[in-house]
Amino acid sequence: MTTLPQSLAEALAEVSAEIDAQFDVLLAIPEDPRADLYRAMRHAAIGGGKRLRPLLVFATASLFGVDRACAARVATAIEAIHVYSLIHDDLPAMDDDDMRRGKPTVHKMFSEACAILAGDCLHALAFEILADPATHPDPFVRADLVLDLAKASGPTGMAGGQMMDLEAEHARFDLNTVTRLQQMKTGALILASVEAGAILGRIAPEGRVGLRGYAHDLGLAFQIADDLLDAEGDEAAAGKRLRKDAGAGKETFLSLLGADRAREQARMLVDQAIAHLHSYGREADLLREIARFVLDRDH
């Protein structure tokens, strides 16, 4: 099993506990016929997972002295979008997976209909959180957060990338197309996580160029590592079914570049991501650690 640097391990543990606590409050089970819907959302959202996106929100927000409670709400909203996408991605009409985060997928634990509604509700919950004045007192900041996450999760972002991924089972994609697919499917939400921390810090778009470059390169490196994990990883450590891409006949970074070139490309992207943080000092060390660890993760 890959060993996390102590500071990164501590940060991930703290963030995971914080996000679980947020979901525990937000998804309290009602004593009415909606109970299984809430149980399904809790099953998917609480416990397990890398919590990479929430960690990126916290790490970026800390650069600008953002109140941790505000960052926690935004991080929870972005994780709600991520979890909804996993629930829907696991459905029989999509990837048809039985395990996620070491647990039965939501449609296996409950039902397909309940899983669809659980995903729908987590999607709605994300924007409810961001629009709530409890997240930030400035309505313009809240509006920017909503707009950025909507773009990242919709047809020009994650959902659009997922549609391209479905088409990849029936078409031959070149490297440029696979790169665009992954920038949308995986990279858009990673970018939104970094952008969210800067938006909370009231950093103007022109002041986010370095952070955007960091997130762009991190997202691609993360996906290359994911492709390598799918081909070479251990299912017990990953907590989900692997070898899916090859079985579906999809073109990936690994199939197009080969394992050695893919690893080399991922290392170069990590180096580039870290270089984008040159204007920051030690306060950005957690972001640098996240980039380095992306290559070595086992889940």
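- Under the 4.5 Å side-chain criterion, counting only non-hydrogen atoms from C-beta, L91 is not in contact with D96.
- E195 is not listed as a side-chain neighbour of I190, based on a closest heavy-atom distance of 4.5 Å or more.
- The shortest distance between side-chain heavy atoms of D230 and T252 does not fall below 4.5 Å.
- R68 is linked by a side-chain contact (heavy atoms from CB on, under 4.5 Å) to E14, V15, E18, F58, counting only residues two or more places apart in sequence or in another chain.
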Q: Please assess D90 against K108 for the test salt bridge (Lys or Arg N to Asp or Glu O under 4.0 Å), listing each intermediate value before the final yes or no.
A: CA-CA 10 Å; D90 290 337; K108 287 293 183 182; over 6 Å; no
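- With E79 as the partner, the salt bridge (charged side-chain N to carboxylate O under 4.0 Å, His left out) test is satisfied by one option alone out of K50, R51, R53: R51.
- Of all non-hydrogen atoms in D36 and C114, the two that sit nearest each other are O-SG, 3.7 Å.
- Each salt bridge (charged side-chain N to carboxylate O under 4.0 Å, His left out) pair with one or both residues in residues 110-126, not counting sequence neighbours, would appear here, but there are none.
- The salt bridge (Lys or Arg N to Asp or Glu O under 4.0 Å) search around D24 returns R42, not counting sequence neighbours.
- Put simply, the side chain of E283 gets close to the backbone of G281: a donor and an acceptor are under 3.5 Å apart.
- Side-chain contact between R208 and I199 is present, with at least one heavy-atom pair separated by less than 4.5 Å.
- A donor-acceptor pair is defined here as one N or O able to donate and one able to accept, closer than 3.5 Å; no such pair exists between the side chain of H216 and the backbone of Q183.
- Hydrophobic clustering of Ile, Leu, Val, Met, Phe, Trp and Tyr side chains at less than 4.5 Å, counting indirect connections, unites L130 with L122.
- Considering all non-hydrogen atoms of both residues, A291 and L218 come closest at CA-CD1, 3.7 Å.
- D132 and R73 are joined by a salt bridge, as a carboxylate oxygen and a charged side-chain nitrogen come within less than 4.0 angstrom of each other.
- Residue pairs meeting the ring-ring contact (aromatic ring centres under 6.0 Å, His included) criterion with at least one partner in residues 66-99, sequence neighbours excluded, are Y84-H88, Y84-H123.
- Judged as a side chain to side chain donor-acceptor pair (under 3.5 Å), and not counting sequence neighbours, D144 has no contacts.
- The main-chain N or O of I46 is never found under 3.5 Å from a side-chain atom of D20 such that the two would form a donor-acceptor pair.
- Counting heavy atoms from C-beta outward, H136 and R202 have side chains that approach closer than 4.5 Å.
- At distances below 3.5 Å, at least one donor-acceptor pair connects side-chain atoms of D227 with backbone N or O atoms of F253.
- Taking the side chain as every heavy atom from C-beta outward, R261 and L256 never approach each other to under 4.5 Å.
- The heavy-atom pair separating L287 from L56 by the smallest distance is CD2-CD2, 3.9 Å.
- Shown here for A40 and V106, the closest heavy-atom pair between the two residues is CB-CG1, 3.8 Å.
- The minimum heavy-atom distance linking V66 with G197 is given by the pair CG2-O, 4.1 Å.
- For the residue pair V57 and A71, the shortest heavy atom distance occurs at CG1-O, 3.8 Å.
- Between the side chain of T179 and the backbone N or O of L175 there is at least one donor-acceptor pair closer than 3.5 Å.
- A donor-acceptor distance shorter than 3.5 angstrom exists from the side chain of D67 to the backbone of A69, with no hydrogens or angles considered.
- Connection of L200 to L55 is established within a shared hydrophobic cluster, with ILVMFWY side chains joined at heavy-atom distances below 4.5 Å, either directly or through further cluster members.
- Looking only at distances, a side-chain donor or acceptor of S16 sits under 3.5 Å from a matching main-chain atom of L12.
- Tracing side-chain contacts under 4.5 Å through hydrophobic residues (I, L, V, M, F, W, Y), one reaches L211 starting from L149; they form part of the same cluster.
- Looking at M158 and I81, their side chains come closer than 4.5 Å, going by heavy atoms from C-beta outward.
- Around CG of D260, the count of heavy atoms belonging to other residues, nucleotides or ligands within 6.0 Å does not exceed 12.
- Under the 4.5 Å side-chain criterion, counting only non-hydrogen atoms from C-beta, R180 is in contact with M164.
- A single hydrophobic cluster is not seen to contain both I87 and M94; linkage of ILVMFWY side chains at heavy-atom distances under 4.5 Å, directly or through other members, places them apart.
- Qualifying salt bridge (Lys or Arg N to Asp or Glu O under 4.0 Å) partners for K151, counting only residues two or more places apart in sequence or in other chains: none.
- A donor-acceptor pair under 3.5 Å is absent between the side-chain atoms of T186 and the main chain of Q223, judged by distance alone.
- Between the side chain of T177 and the backbone N or O of F173 there is no donor-acceptor pair closer than 3.5 Å.
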